[in-house]
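Take a look at the structure set out below.
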Amino acid sequence: MQSPWKQDFPIFLPHAHPHLCYLDSAATCLTPKHVADAMYHYQCYMHANNPKGLYQLTAYLSDLIEQARHKLASFLGAANDSEIVFTRGTTDALNMIAYSYLEPQLIKAKQQEEPSNIVISAAEHEANILPWQRLAKAYGAELRVIPLNAKGVIDLAKYTALLDKHTRLVAICHSSNVIGVNNPVEQICKIARNKNIVTVIDGAQSIVRCDVNVNSLDCDIYTFSAHKLYGPTGCGVAYIRADLLEVMRPYQVGGAASISQHINEDLEQRNPQKLELNTVNIVGIVGLVEAIDYLTDMSSQKLNDYLCNLSAYMHERLNLLPYFQPLFPIQPKQIINHSIACFQLNGLNSQDVAGLLDYEGIAVSVGHHCAQSLHRLLGVDSSVRVSLGIYNDYKDVDHLVSALESAYRVMAV
Ligand SMILES: Cc1ncc(COP(=O)(O)O)c(C=O)c1O
């Protein structure tokens, strides 16, 4: 049976890619017509620059952006709309936090001749390693890495042992883009909160479940990209707790950040706009809001149940292949949250496997998926990653499995 939502995605229309078996949603989700239409409508019929004029279009746009902020605040369970910062995506947000928040902390500690450390996990995407690594190098701070336990999630005891009074920040992913299972973020934040340590959660891979609540997670910062949520590229969100936002300095400076602009005066800066671009990605924000409406209108519970069942089926079928080697063996109960499988086929080059899958019309990721250090830790340099979206169905999984069977037949000689 075809996914009930497949028809919402024009990419599968006869004049586009009707036979595409897209198994790369962890890289980016395809775009539903609703999102593309909303963006088209905005760009064709409503576009102007929001804070610039007094004419009706601009007044409407200011409302539109503030309503979007409100929607995002309630989507994430934030207490105030002003805790929502529009970014260009997760990578942009994490770099912004490094520069706007962490760097001043490291400078201060260095001036006071105090050591600093930053804590990340072994399962981070490079977007959540490199900004911290760069600052650590620049200011002589230590980058501490939390090991994973046998289930592929952060080991809480080892995590706790890494924290001390010199820990300036903990930055971890809610869900790894390689292993796919959720980290115990609530406990991680609680442990850090008790020690007054700021937590940054990279939500790029978990936002799609539409069940994040920053209030119950009690994190300080939560970031994600719209394109991992069936929205457009180049747009994302950072939830930043109000008191933290207050002390952050602008990442980039220019028009929208400031209220007074005399050349010899310090700028008075508005929150949260001080952390945004002068002209934000309005059409991207329109697409993001539409994506949230699209997913929540259909009941995210229904979508999640659908994907959980499909994921369980995928893992079950893959695990039956005698030459299937998952990067991280997932326990049966964990399959529930897990729409990603990263693997190698025994003795085969992953690039070759992905090439043969492409020949069969199956789109997957191959390489280290921007998680080179995790691959190194697991003793491999490359893997195939398949990841499911709401347009996939059982037929796609069957197609994948039979293509892997033929790939193995062809290559393992
Ligand atoms: C866990 C994780 N963090 C960060 C990113 C970076 O997201 P973006 O490229 O949208 O900035 C990704 C993208 O794959 C990701 O999976």
Side-chain angles (χ1 to χ4, degrees), residues 22-31 35 72 85-99 120-134 145-146 148 152-154 169-183 185 188 199-209 212 217 219 221-239 251 275-277 280-281 284-285 287-288 291 327-328 337-342 363-375 377-378 382-389:
Y22 186 77
L23 295 176
D24 202 16
S25 296
T28 195
C29 293
L30 299 176
T31 309
V35 169
L72 264 302
V85 178
F86 289 112
T87 69
R88 288 178 289 201
T90 311
T91 307
D92 181 45
L94 294 169
N95 277 280
M96 178 247 282
I97 293 148
Y99 180 79
I120 61 172
S121 89
E124 299 307 321
H125 185 283
E126 275 145 23
N128 201 25
I129 301 176
L130 300 183
W132 320 121
Q133 191 187 61
R134 181 154 80 173
V145 182
I146 321 161
L148 306 179
V153 297
I154 286 173
L169 181 126
V170 169
I172 51 128
C173 57
H174 197 160
S175 180
S176 144
N177 68 321
V178 171
I179 300 170
V181 289
N182 282 352
N183 276 314
V185 170
I188 288 165
T199 46
V200 178
I201 312 298
D202 169 357
Q205 291 297 337
S206 40
I207 196 65
V208 70
R209 292 181 53 80
V212 169
L217 292 181
C219 56
I221 295 173
Y222 196 98
T223 64
F224 71 89
S225 307
H227 70 105
K228 308 277 193 193
L229 187 66
Y230 303 92
T233 53
C235 178
V237 168
Y239 155 78
Y251 175 38
L275 296 176
E276 293 176 346
L277 297 174
V280 289
N281 180 356
I285 293 170
L288 168 59
L327 242 56
F328 214 99
N337 273 337
H338 192 73
S339 57
I340 290 178
C342 251
V364 299
S365 273
V366 65
H368 51 65
H369 325 295
C370 300
Q372 210 167 341
S373 44
L374 178 58
H375 274 65
L377 186 77
L378 298 172
S382 174
S383 64
V384 175
R385 181 183 69 188
V386 298
S387 49
L388 302 170

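Because only heavy atoms are used, hydrogens play no part in the values below, and waters and symmetry mates are left out as well, while side chains stay in. One-based numbering, in listed order, for ligands and for the atoms of each.
Side-chain atoms of L374 and H369, non-hydrogen and from C-beta on, never get closer than 4.5 Å to each other. Between I221 and I201, the closest side-chain pair of non-hydrogen atoms is not below 4.5 Å.
Aromatic ring orientation, Y99 versus Y251: tilted (interplanar angle from 30° to 60°).
Of all the heavy atoms of H227, the ones lying under 4.0 Å from any atom of ligand 1 belong exclusively to the side chain. With a 4.0 Å cut-off on non-hydrogen atoms, C173 does not touch ligand 1 at all.
The closest approach between any non-hydrogen atom of E124 and ligand 1 is not below 4.0 Å.
Of the residues N281, L277, V280, the one that meets the side chain to side chain contact (heavy atoms under 4.5 Å, CB included) test with R88 is L277. In summary, of the residues considered (V366, V178, D24, L23), a side chain to side chain contact (heavy atoms under 4.5 Å, CB included) with R385 occurs for D24 alone.
Nearest heavy-atom pair across T223 and A238 is CG2-CB, 4.1 Å.
When each atom of ligand 1 is checked for a heavy atom of S225 under 4.0 Å away, the hits are 7 (O), 8 (P), 10 (O), 11 (O).
With respect to atom 13 (C) of ligand 1, the closest heavy atom belonging to the protein is K228 NZ, 2.7 Å. Ranking the protein heavy atoms by distance from atom 9 (O) of ligand 1 puts T91 OG1, 3.8 Å first. Q205 NE2, 2.7 Å is the protein heavy atom nearest to atom 16 (O) of ligand 1. Ranking the protein heavy atoms by distance from atom 15 (C) of ligand 1 puts H125 CD2, 3.3 Å first.
Ranked by closest heavy atom to atom 2 (C) of ligand 1, the top entry among N95, D202, N177 is D202.
Below 3.5 Å of separation, one finds no N or O of D92 facing any N or O of ligand 1.
A side-chain donor from one of T90 and S225 sits under 3.5 Å from a side-chain acceptor of the other.
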